[in-house]
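Residue numbering restarts at 1 for every chain, and letters A, B, ... go by the order of the sequence lines.
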Amino acid sequence: MAISSRKTKLVALVVDDNKIMRNHHVKLLMKLQVEAWDAKNGKEAVNFIETGEEFDLILMDKVMPVMDGVEATRLLREMGVTTMIVGLGSLLSEEEKQAFMEAGGDDILEKPLSHPKLVSILREVDNTF
Amino acid sequence: MDVNQLQRGWYKYLTTLFKEGILDDQYKQLQQLQDESTPNFVLEVVSLFFDDSQKIIYELERALSQPLVDYKVIDAYVHQLKGSSSSVGAYKVKEVCVKFRESCENQNKEGCTIAMQNLKHEFSRVKHNLQYLFELEQQILSAGGSIPTIML
């Protein structure tokens with residue numbers, strides 16, 4: 001008999017160089033019963049994937065030192081990661097948004113995310129959410 | 001003063017901060033994230049914001065006083081501050097950061113100096129306001145009351 005592979009808890013990765021912003025999104029996810037991991041830049045996010053971690057959602061800040069969100073997203077897609085990647089930024093220009101989408105992002109939104117906004121993202125990941 | 005009176009005073013003060021644009025809806029979001037498991041969440045996040053910003057302001061002043069101003073360095077600091085202020089809902093600080101970055105992009109020293117003054121002013125204002133708000137909250141708690149939930 002097939003064993004259901006559906007996880008009981010969604011797992012998300014929050015990638016942001018700003019500690020306060022990162023904390024906010026982690027806390028928001030935890031409040032929604034989502035397991036939250038965090039990374040300080042794109043490089044750390046890529047490292048997590050390389051070590052075999054799997055996520056249901058990645059929240060990716062666009063502007064970060066070491067490796068920014070666009071480059072990290074491109075790398076993750078090249079590595080075959082199909083996880084939903086939502087880019088986050090503030091007052092982004094159309095070109096910046098386009099660069100992120102072309103790198104393989106699924107959506108790009110203004111940060112910080114609100115509770116209802118995050119719920120709607122999580123519903124796209126899992127329609128039973 | 002009884003608890004009800006204290007709670008009304010707290011609410012009135014908080015409402016003024018929203019009305020004057022010192023805080024925005026993100027602060028309400030922050031308050032809603034606070035629960036039994038993390039009763040001091042807002043205080044912790046805001047304290048982190050105070051400490052972080054103070055350090056950044058110090059670094060910014062130092063960077064701006066160099067004979068040859070490195071606008072890239074300044075922009076990176078202001079970017080950090082913009083992210084932190086928007087995550088706690090310190091609206092006016094965030095607004096100043098946006099203007100600051102514009103001056104930075106244009107390598108406008110005078111604009112940066114003005115923005116720096118405004119930044120220090122807005123930061124000390126929101127710090128003072130929030131510290132007073134927390135004091136009011138402490139008074140409510142000491143009187144045996146609880147902090148009312150604010151509606152989004």
On a heavy-atom basis, the closest approach of B:Ser87 and A:Asn18 is OG-OD1, 4.5 Å
- Query: Do the side chains of B:Leu30 and B:Phe134 join up, straight or via other hydrophobic residues, at under 4.5 Å, putting them in one cluster?
  - Reply: yes
Examine whether an atom of [X] lies under 4.5 Å from a heavy atom of chain A, and if so say whether it belongs to the side chain, the backbone or both; otherwise answer neither.
{"X": "B:Gln80", "answer": "both"}
{"X": "B:Glu44", "answer": "neither"}
{"X": "B:Lys82", "answer": "side chain"}

Find the distance between [atom1] ([X]) and [atom2] ([Y]) and round it off to the nearest 0.5 Å.
{"X": "A:Lys19", "Y": "B:Asp52", "atom1": "NZ", "atom2": "CG", "answer": "7.5 Å"}
{"X": "B:Phe49", "Y": "A:Asn23", "atom1": "CZ", "atom2": "CG", "answer": "14.0 Å"}
{"X": "B:Cys97", "Y": "A:Leu91", "atom1": "SG", "atom2": "CG", "answer": "11.0 Å"}
{"X": "B:Lys28", "Y": "A:Ser114", "atom1": "NZ", "atom2": "OG", "answer": "13.0 Å"}

Check: Side chains of B:Ser86 and A:Met21: does their closest heavy-atom pair fall under 4.5 Å?
Finding: yes
Pair count under 4.5 Å, heavy atoms only, with chain B: among A:Met30, A:His25, A:Lys111, A:Lys31, highest is A:Lys31
When the 4.5 angstrom heavy-atom criterion is applied to A:Asp16 and chain B, the contacting part is neither
Pair B:Val45, A:His24 - check side chain to side chain contact (heavy atoms under 4.5 Å, CB included), show working. CA-CA 8 Å; B:Val45 174; A:His24 169 70; over 6 Å; no
query: Going by atom types alone, do B:Thr38 and A:Lys27 pair a side-chain donor with an acceptor below 3.5 Å?
result: yes
